[in-house]
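Below is one structure, written out as structure tokens; comments come after it.
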Amino acid sequence: MITPIKNKKKIKIIFDNGKVIRKGPLLIKFHDFNDDKNEYGISVPKRYFKSAVIRNKIKRQFREILKKQSILRQGICFFIIYNSSKSSPFDKLKGLTESLIENLIVKTS
């Protein structure tokens with residue numbers, strides 16, 4: 001099961017030492033901690049979306065997409081960053097996120 005990341009040390013390690021996968025407006029930074037948890041974080045920068053309502057909507061859409069994903073190897077923690085000034089429809093976000101998760105699975109196997 002994938003849970004939200006809460007540990008600030010893990011977040012710092014992901015951003016300092018993590019590897020990057022990019023596709024379109026999405027970027028995933030990930031790190032293998034070799035423990036028994038799969039954790040994720042989502043970032044939608046305020047620089048692109050000034051309205052908190054829109055940022056929170058995009059984050060909710062990502063959480064819904066990630067809720068269905070459970071095929072990652074144990075110990076992988078990742079952060080999804082949405083780098084675009086335009087909001088994408090849910091279907092496009094779902095397709096991009098699923099292809100990034102597949103690339104993540106290939107890179108961590």
Side-chain angles (χ1 to χ4, degrees):
M1 183 174 170
I2 301 175
T3 59
I5 192 166
K6 304 287 184 183
N7 191 336
K8 289 184 181 185
K9 289 181 183 177
K10 279 189 175 182
I11 293 172
K12 181 167 176 40
I13 291 171
I14 289 171
F15 279 99
D16 290 345
N17 303 331
K19 296 175 183 156
V20 177
I21 302 174
R22 294 177 195 257
K23 184 153 190 157
L26 296 181
L27 174 126
I28 287 188
K29 286 190 141 240
F30 66 95
H31 186 58
D32 187 2
F33 286 98
N34 292 322
D35 57 5
D36 60 347
K37 294 182 182 178
N38 285 342
E39 296 176 318
Y40 71 92
I42 302 169
S43 175
V44 181
K46 191 175 184 179
R47 161 178 46 163
Y48 297 123
F49 297 101
K50 302 293 184 200
S51 172
V53 174
I54 296 171
R55 287 194 311 269
N56 291 336
K57 179 183 177 186
I58 294 170
K59 289 178 188 178
R60 282 194 309 270
Q61 289 174 339
F62 278 121
R63 278 189 226 111
E64 184 64 30
I65 294 165
L66 292 173
K67 192 185 299 184
K68 308 265 189 320
Q69 302 291 327
S70 63
I71 53 175
L72 286 175
R73 188 172 55 82
Q74 294 295 337
I76 304 297
C77 295
F78 60 93
F79 227 88
I80 296 178
I81 303 167
Y82 186 77
N83 286 323
S84 177
S85 59
K86 297 178 183 173
S87 181
S88 297
F90 181 75
D91 294 336
K92 184 176 179 181
L93 277 179
K94 185 175 181 179
L96 285 171
T97 306
E98 288 176 348
S99 70
L100 274 176
I101 296 290
E102 288 173 9
N103 288 345
L104 179 64
I105 292 168
V106 169
K107 285 203 174 203
T108 57
S109 295

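Throughout, residue positions are numbered sequentially from 1 according to the sequence presented. The figures here come from the full heavy-atom set of this structure, side chains too, leaving out hydrogens, waters and symmetry mates.
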Q.
Among Ile81, Leu96, Asn83, exactly one meets side-chain contact (heavy atoms from CB on, under 4.5 Å) together with Pro25. Which residue is that?
A. Leu96

Q) Can you name the one residue among Leu66, Asn38, Thr108 that meets side-chain contact (heavy atoms from CB on, under 4.5 Å) with Phe78? A) Leu66

(Q) Is there a continuous path of hydrophobic side-chain contacts, each under 4.5 Å between heavy atoms, that joins Leu27 to Leu93? (A) no

Q: Look at atom NZ of Lys10 and say whether more than 12 heavy atoms of other residues, nucleotides or ligands are closer to it than 6.0 Å.
A: yes

Q: Could you pull out the closest heavy-atom pair between Gln74 and Asp32, with the gap in Å?
A: O-OD1, 4.3 Å

Q) Mind checking whether Lys23 and Ile21 have side chains closer than 4.5 Å, heavy atoms only? A) no

Q. So how far is it from Lys46 NZ to Ser51 OG, rounded to the nearest 0.5 Å?
A. 10.5 Å

Q: Could you tell me whether Lys37 atom NZ has more than 12 heavy atoms of other residues or ligands within 6.0 Å of it?
A: no

Q: Identify whether Ile2 and Ile13 are in the same connected component of the hydrophobic contact network (ILVMFWY, side-chain heavy atoms under 4.5 Å).
A: no

Q: Establish whether Ile101 and Ile58 are linked, either directly or via other cluster members, by ILVMFWY side-chain heavy-atom contacts under 4.5 Å.
A: yes

(Q) Any side-chain to backbone donor/acceptor pair from Arg55 onto Lys50? Under 3.5 Å, distance only. (A) yes

Q.
What's the separation between atom NE2 in His31 and atom CD1 in Ile76, rounded to the nearest 0.5 Å?
A. 9.0 Å

(Q) How long is the straight-line distance from CD1 of Ile5 back to CZ of Phe33, given to the nearest 0.5 Å? (A) 6.0 Å

Q | From CZ (Arg63) to NZ (Lys68), nearest 0.5 Å | A | 14.0 Å

Q. Knowing that exactly one of Phe30, Tyr40, Phe15 qualifies, which makes a side-chain contact (heavy atoms from CB on, under 4.5 Å) with Phe79?
A. Phe15

Q.
Hydrophobic clustering (ILVMFWY, side-chain heavy atoms < 4.5 Å, transitive) - are Ile105 and Val20 grouped together?
A. no

Q: Give, for atom CG of Leu26 and atom OG of Ser99, the distance between the pair rounded to the nearest 0.5 Å.
A: 8.0 Å

Q) From Cys77 SG over to Ile11 CD1, what is the distance, rounded to the nearest 0.5 angstrom? A) 9.5 Å

Q) Is any side-chain heavy atom of Arg60 less than 4.5 Å from a side-chain heavy atom of Asn56? A) yes

(Q) Are the side chains of Ile28 and Asn103 in contact, using a 4.5 Å heavy-atom criterion? (A) no

Q: Kindly indicate whether the side chain of Gln61, heavy atoms from C-beta on, has any atom under 4.5 Å from the side chain of Glu64.
A: no

Q: Give the C-alpha distance, both sets of side-chain angles, the deciding distance and a yes or no for side chain to side chain contact (heavy atoms under 4.5 Å, CB included) between Tyr82 and Ile42.
A: CA-CA 8 Å; Tyr82 186 77; Ile42 302 169; over 6 Å; no

